[in-house]
Protein chains: 2
Amino acid sequence: MNLKELSKNLGLSPTTVSRALNGYPEVSEATRERVRNAAQQHNYHPNTRAKALATGRAMAIGHVIPLSNQHEMVNPVFGDFISGAGEVYAQRGYDMVLSIVDDGQEERAYRDLKAKGTIDGVIIHGPHRNDPRPALLTDLGLPFVVHGRTAADPDSYWWIDMNNAQAFYRATRFLLDLGHRRIALFNGLEHMDFALRRRNGYERAMTEAGLTTDTALMRSEEMSESYGYLHARDLLKTDTPPTAFLVSSIIMALGVRRALDELGLRMGQDVSILTHDDGLSYFPNGGDVPIFTSTQSSVRQAGRMVADMLIERILTPTAPPKSHLLEAALIVGSSTGPAPKDLST
Amino acid sequence: MNLKELSKNLGLSPTTVSRALNGYPEVSEATRERVRNAAQQHNYHPNTRAKALATGRAMAIGHVIPLSNQHEMVNPVFGDFISGAGEVYAQRGYDMVLSIVDDGQEERAYRDLKAKGTIDGVIIHGPHRNDPRPALLTDLGLPFVVHGRTAADPDSYWWIDMNNAQAFYRATRFLLDLGHRRIALFNGLEHMDFALRRRNGYERAMTEAGLTTDTALMRSEEMSESYGYLHARDLLKTDTPPTAFLVSSIIMALGVRRALDELGLRMGQDVSILTHDDGLSYFPNGGDVPIFTSTQSSVRQAGRMVADMLIERILTPTAPPKSHLLEAALIVGSSTGPAPKDLST
DNA sequence: AATCACTTCCAAAGCGCTTTGAACACGAAC
DNA sequence: GTTCGTGTTCAAAGCGCTTTGGAAGTGATT
């Protein structure tokens, strides 16, 4: 069923039917109602391609996902993020198109997407410190919103980020207040912008407390369960093990907890763990009393917000850049407790 | 840059340029070469929407992901699957469009996608035993390939599945050969087709060994870390705990291992774990010697194969249904060992 | 009865591409 | 010198929609 057929069916011109369906005022309410009913009844949906061609708007939003060959890895956070974004798209009539792209081919991917007119805008995931994408996309004239930020010039584009520095500052202070002094930081890869901001928050809190940060207690690594386990085990076997771990991801925290279990240490008593929790649906952090004390910020919610912002950006091409900084909640669970008395005293 | 501009630029008609670019024979090689160069130089890419409209082919493939409200859950397997599929799409010039859809709205989603002409075909994820989707899509005339199978009539459509029954049959036999008799089965939700097939494989092996299956040892649950932990802990505290766990997902297996650690039981000695391993990039199963003994089958590879098959299906509309059954490899790691001597003997 | 201001509808052009059917040039064949 | 292929190019229609620029109809106003 297409426009022509439907309009013939109704004894109206395609023009009128189109206007009726798209809410133009030059059509009587009676006609509009009649058209709407007929459309519904025949399950008429305007052909997206034709509509896109006619309007110049693709009604689709792109996500380009680089796939590096070394460590083939699809961030588990990604699933939750797009499911949040996808809700918004569905609701507002946009399609979501994903491009899996070999690492290093990203620029070409964006150029092609633009040239082919497949999409109206893109979302940038996982920005590095010095990410070239904002400049590239600005250059191409392809609307975009960054989930996160870059180091340089964040005022020049649209973004939504979590306040990583503040979250980890507060988390570190929380552990310090409990008497911990040797606090390990298990961070993500620090060429990622979020990771460096987290480290900065941690270091600021330590410094303010008059402590020197000890690089021996800091790790910067892909946030997998096994790395969490391996590094925790190594650290706990040293002469001066940490009494608390500040961890960047709940998946990594699972690994740290495994190391504790294996060494017979009680979480929240012998050793504390405080983790960031993205609210991943597949790794629920316990029930009424969360297992892990954590800084929480739902990545699915972020997905919704970023999607909304991008659509706004697309619809108001001339508006100046906006941004939004989300604060993580610090939620106490049972994985933290006062630092154990130092036996050497 | 569009066709008209490019052709004017070259002093040719749009027709000729189009044919040159699309490899039609009615164009001299000299001209074709000249056109190709110009296209490359100007980064000309035909507008997808226009092309789609003219050819009737959208050059896009859909994935509809139901999002149930109760347990908002994006299967972690999904990320790996689409990254495999995405590779193939990219290579063959297809776009991937994702629709996140409220549970129960799925049928409408498919109808709409068809009516809007956004896509040329869809992939069906996670089929239930009695999944209505194959019938629906056949009815709609929307080409599709199922990743997995349904109980009824799998010969009537295209699918690629892992041989779940055989994998779990072999896994169970492996544990039986090691002397285990009380083998727990931690399965996925058994209205899912794959899960029931796995149970069937397990039960067949047990029965063939002259053992009765004990429902007290069987769980059917979402495959999360916490469920693995909770159920394993409960079972291990009973009077007659299992000596081995057969687990449907490596994520769940992590939970089982945690229960062992917590109870001071040594994995592979006191208690064995054998898990299915989808080869998820974020949960690598160890290095040279895998941690978990597992039935392995890469879901990313499956993604590639399903995508290839769907494209074939789209290009040959009249071909009879094809299917492909993948065998999982049974790979020995360090999580299994002989059943401990029964102390009560 | 003529004019005006709406309201309601429509014909036709255009979005960027493919594809059909025809035209043109050129040399070979009659 | 006409006819016929052959190779190469093009004009124009069409894909399904939106949108511009009227045109017809309706009732109120002069």
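We name chains A, B, ... by the order of the sequence lines, and we start the count at 1 in each one.
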Roughly, in whole Å, what's the span from [atom1] in [X] to [atom2] in [N]?
| X | N | atom1 | atom2 | answer |
| --- | --- | --- | --- | --- |
| A/R57 | C/dG16 | CZ | C1' | 17 Å |
| A/M59 | C/dC15 | CE | P | 21 Å |
| B/K116 | D/dC17 | NZ | C1' | 14 Å |
| B/L10 | D/dT9 | CG | P | 11 Å |
| A/K4 | D/dT18 | NZ | P | 15 Å |
| B/K114 | D/dG16 | NZ | P | 13 Å |
| B/N22 | C/dC17 | CG | P | 11 Å |
| A/L3 | D/dT19 | CG | C1' | 12 Å |

Margin query: How long is the straight-line distance from CD1 of A/I100 back to CE of B/M96, given to the nearest 0.5 Å?
Written below: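 So the CE of B/M96 and the CD1 of A/I100 are separated by 4.0 Å.
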Do [X] and [Y] come close enough that some side-chain heavy atom pair is under 4.5 Å?
| X | Y | result |
| --- | --- | --- |
| A/I82 | A/I123 | no |
| B/T118 | A/N47 | no |
| A/S323 | A/W158 | no |

Checklist line | Strand contacts (DNA chain C) in residues 35-51 of chain B, 4.0 angstrom heavy-atom criterion | finding: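 DNA chain C contact set from residues 35-51 of chain B: B/Y44, B/P46, B/N47, B/A50, B/K51.
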Item checked: Sequence-distant partners of A/H324, ring-ring contact (aromatic ring centres under 6.0 Å, His included), two or more places apart ->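 For A/H324 there are no ring-ring contact (aromatic ring centres under 6.0 Å, His included) partners, ignoring immediate neighbours.
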Note to self: Checking A/H191 now: which residues fulfil ring-ring contact (aromatic ring centres under 6.0 Å, His included) with it, not counting sequence neighbours?
What the structure shows: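 Expected list: A/H128.
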Next item on the list: Report yes if a side-chain nitrogen or oxygen of A/S18 is closer than 4.0 Å to either non-bridging phosphate oxygen (OP1 or OP2) of D/dT18; otherwise report no.
Entry: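 Checking D/dT18 against A/S18, a side-chain N or O does come within under 4.0 Å of OP1 or OP2.
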N/O contacts under 3.5 Å, protein versus nucleotides 6-9 of chain C?
from	atom 1	to	atom 2	distance (Å)
C/dC9	OP1	A/T31	OG1	3.2
C/dC9	OP2	A/T31	OG1	2.9

Notebook entry, point to check: With distance as the sole criterion, is a donor-acceptor pair present between the side chains of B/S18 and B/T15 under 3.5 Å?
Noted result: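 No, B/T15 and B/S18 have no side-chain donor paired with an acceptor closer than 3.5 Å.
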Check this for me, if you would: do [X] and [Y] make a salt bridge, where the nitrogen-to-carboxylate-oxygen distance has to be below 4.0 angstrom?
| X | Y | answer |
| --- | --- | --- |
| B/R304 | B/D308 | no |
| A/R133 | A/E107 | no |
| B/R300 | B/D278 | no |

Next item on the list: Using five pairs at either end of the helix from C/dA1-D/dT30 to C/dC30-D/dG1, determine the angle between the two local helix axes and round it to 10 degrees.
Entry: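 The angle separating the two end axes equals 80°.
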Margin query: Listing request: all ring pair (Phe, Tyr, Trp, His ring centres under 6.0 Å) pairs with a residue in residues 86-111 of chain B, at least two apart in sequence or in separate chains.
Written below: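 Residue pairs with at least one partner in residues 86-111 of chain B: B/H63-B/Y89.
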Next item on the list: Side chain of B/L53 only, please: which of C/dC10, D/dG16, D/dC10 is the nearest?
Entry: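 Shortest atom-to-atom distance from the side chain points to D/dG16.
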